[in-house]
Number of protein chains: 2
Amino acid sequence: MEIPFNDIKQKFQGCGLKTTPQRTAIYDALLRSTTHPTAEELFAEVAPQFPMMSLNTVYYTLGALRTSGLIHEVNIGHTRARFDANLSPHHHLICLGCQSIVDVIDPRLNRLTSPAGIPKDFEITSYQVAFRGLCGSCRRHTGRSINHSSPGLHPTTVKGGLHGKSS
Amino acid sequence: MEIPFNDIKQKFQGCGLKTTPQRTAIYDALLRSTTHPTAEELFAEVAPQFPMMSLNTVYYTLGALRTSGLIHEVNIGHTRARFDANLSPHHHLICLGCQSIVDVIDPRLNRLTSPAGIPKDFEITSYQVAFRGLCGSCRRHTGRSINHSSPGLHPTTVKGGLHGKSS
DNA sequence: TTGTTAAATAGTAATTATTCCTAAACAGGA
DNA sequence: TCCTGTTTAGGAATAATTACTATTTAACAA
Ligand SMILES: [Mn+2]
Ligand SMILES: [Mn+2]
Ligand SMILES: [Zn+2]
Ligand SMILES: [Zn+2]
């Protein structure tokens with residue numbers, strides 16, 4: 001277990017959240033995960049430790065953590081919510097084949113700003129880049145055809161390098 | 001009506017889709033829309049012309065158009081799918097208050113490319129930037145507090161200008 | 001023009017993810 | 001230890017979407 005219990009406890013206290021075993025286990029599982037799991041995947045992860053636990057508790061807990069700002073919700077498609085305990089600014093790479101989401105950490109992407117032509121009274125508080133495509137194994141298995149039926153895909157071909165000072 | 005019927009018909013033919021009145025109306029409504037409507041919003045839009053139409057037909061039609069690559073699905077949150085007939089590369093500005101989505105068209109954003117540190121066998125086919133915040137009227141009505149319970153929000157503060165040659 | 005046929009439509013039922021409701025359990029402070 | 005509001009668990013309810021199926025129809029060919 002890499003995440004000290006007291007760290008978690010302090011974060012909960014800082015948000016006015018009670019430190020229950022279920023909540024701790026759920027948050028800990030999410031902190032250790034890199035897959036942006038769904039509520040049900042987290043449930044499957046912690047259920048063995050808590051045979052009485054309800055899936056409802058996972059939803060309730062994720063809602064509480066999200067409201068407190070301890071976790072984020074990441075959406076790929078509209079089918080189900082996926083969660084992320086990584087609060088540092090980062091972006092995502094989404095495989096249209098296996099629906100996997102991996103973190104994209106490139107400081108250059110954190111320098112984008114208010115684009116041209118938006119309403120001047122709109123206050124942007126965050127942004128996130130979603131890169132889509134096919135991972136290696138999905139390319140091998142399903143061929144390299146682009147799945148046009150996947151949600152959110154815009155036909156921008158990506159090539160060349162990022163612009164701006166490469167910090 | 002700004003979109004000629006024959007243009008639509010040809011697009012359908014080019015995709016092997018039959019040109020039915022319902023399908024034409026749905027696609028036409030989406031082409032004219034700038035709000036990225038849901039299936040139900042489109043249904044409400046075209047239902048008056050087709051009192052017998054089923055919501056199911058709207059879903060079926062949107063699925064067919066999406067599979068053919070004539071439209072895209074845009075997701076903000078996981079609650080419901082929203083659609084976009086604008087195929088030109090563009091990005092989105094999402095209000096966390098009223099859930100509105102407006103197009104962001106800034107050529108500089110179309111030059112981003114393969115970020116550092118991703119698996120080298122991953123083939124990126126597209127990307128999209130989602131800017132989030134509060135629109136003017138939502139700022140006025142609900143105050144300017146950031147809604148942490150909203151999905152997908154990462155705490156990147158956006159300020160300064162875009163990098164790269166400003167084409 | 002007419003007939004043929006696969007695709008599209010409409011109506012209904014089913015599914016899935018998520019939320020709502022409520023009573024019991026419990027964490028944290030007095 | 002006791003209190004009290006929060007959390008949990010279980011079940012029911014909701015909402016979006018998909019599945020099933022009979023009927024209709026667009027597109028094509030004769
Ligand atoms: Mn992430
Ligand atoms: Mn758009
Ligand atoms: Zn994959
Ligand atoms: Zn708004």
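Throughout, protein chains are lettered first and strands after them, A, B, ... in sequence-line order, and every chain is numbered starting at 1.
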Visitor: List, one per line, each side-chain donor-acceptor pair under 3.5 Å for residues 12-19 of chain A, sequence neighbours excluded.
Guide:
none

Visitor: Does a donor on one side chain sit under 3.5 Å from an acceptor on the other, for A/His90 and A/Asp106?
Guide: no
Visitor: Along DNA chain C, 5' to 3', what are the outermost nucleotides having an atom less than 4.0 Å from a heavy atom of chain B?
Guide: C/dA6 to C/dT18
Visitor: Go along nucleotides 17-30 of chain D 5' to 3' and tag each nucleotide: B for a protein heavy atom under 4.0 Å from its base, S when only backbone or sugar atoms are that close, - otherwise.
Guide: SBBB-----BS---
Visitor: With sequence neighbours excluded, tell me which residues meet side-chain contact (heavy atoms from CB on, under 4.5 Å) with B/Cys98.
Guide: B/Cys95, B/Ser100, B/Cys135, B/Cys138
Visitor: Applying side chain to side chain donor-acceptor pair (under 3.5 Å), can you list everything that pairs with A/Lys11, at least two apart in sequence or on another chain?
Guide: A/Tyr27
Visitor: For B/Asp121, what residues pass the side chain to side chain donor-acceptor pair (under 3.5 Å) criterion, not counting sequence neighbours?
Guide: A/Arg140
Visitor: Under the side-chain contact (heavy atoms from CB on, under 4.5 Å) test, which residues partner B/Ala81, sequence neighbours left out?
Guide: A/His78, B/Glu73, B/Asn75, B/Phe83
Visitor: Among side-chain atoms of B/Asp84 and B/His72, is any donor-acceptor pair under 3.5 angstrom?
Guide: no
Visitor: Does either side chain, that of B/His36 or that of B/Asn86, offer a donor lying less than 3.5 Å from an acceptor on the other one?
Guide: no
Visitor: Could you list the residues that satisfy side-chain contact (heavy atoms from CB on, under 4.5 Å) with A/Thr79, not counting sequence neighbours?
Guide: none
Visitor: How sharply is the helix from C/dT1-D/dA30 to C/dA30-D/dT1 bent, taking the axes over five pairs at either end and rounding to 10 degrees?
Guide: 40°
Visitor: Cluster question for you: counting only ILVMFWY and a side-chain heavy-atom cut-off of under 4.5 Å, with indirect links fine, are A/Leu42 and A/Ile8 together?
Guide: yes
Visitor: Could you name each residue pair satisfying side chain to side chain donor-acceptor pair (under 3.5 Å) that touches residues 49-60 of chain B, not counting sequence neighbours?
Guide: none
Visitor: Which residue pairs pass the ring pair (Phe, Tyr, Trp, His ring centres under 6.0 Å) test when at least one of the two sits in residues 104-126 of chain B, sequence neighbours left out?
Guide: none
Visitor: Scan residues 41-53 of chain A against DNA chain D and write down, sorted by residue number, each residue with any heavy atom closer than 4.0 Å; if none is found, say none.
Guide: A/Met52, A/Met53
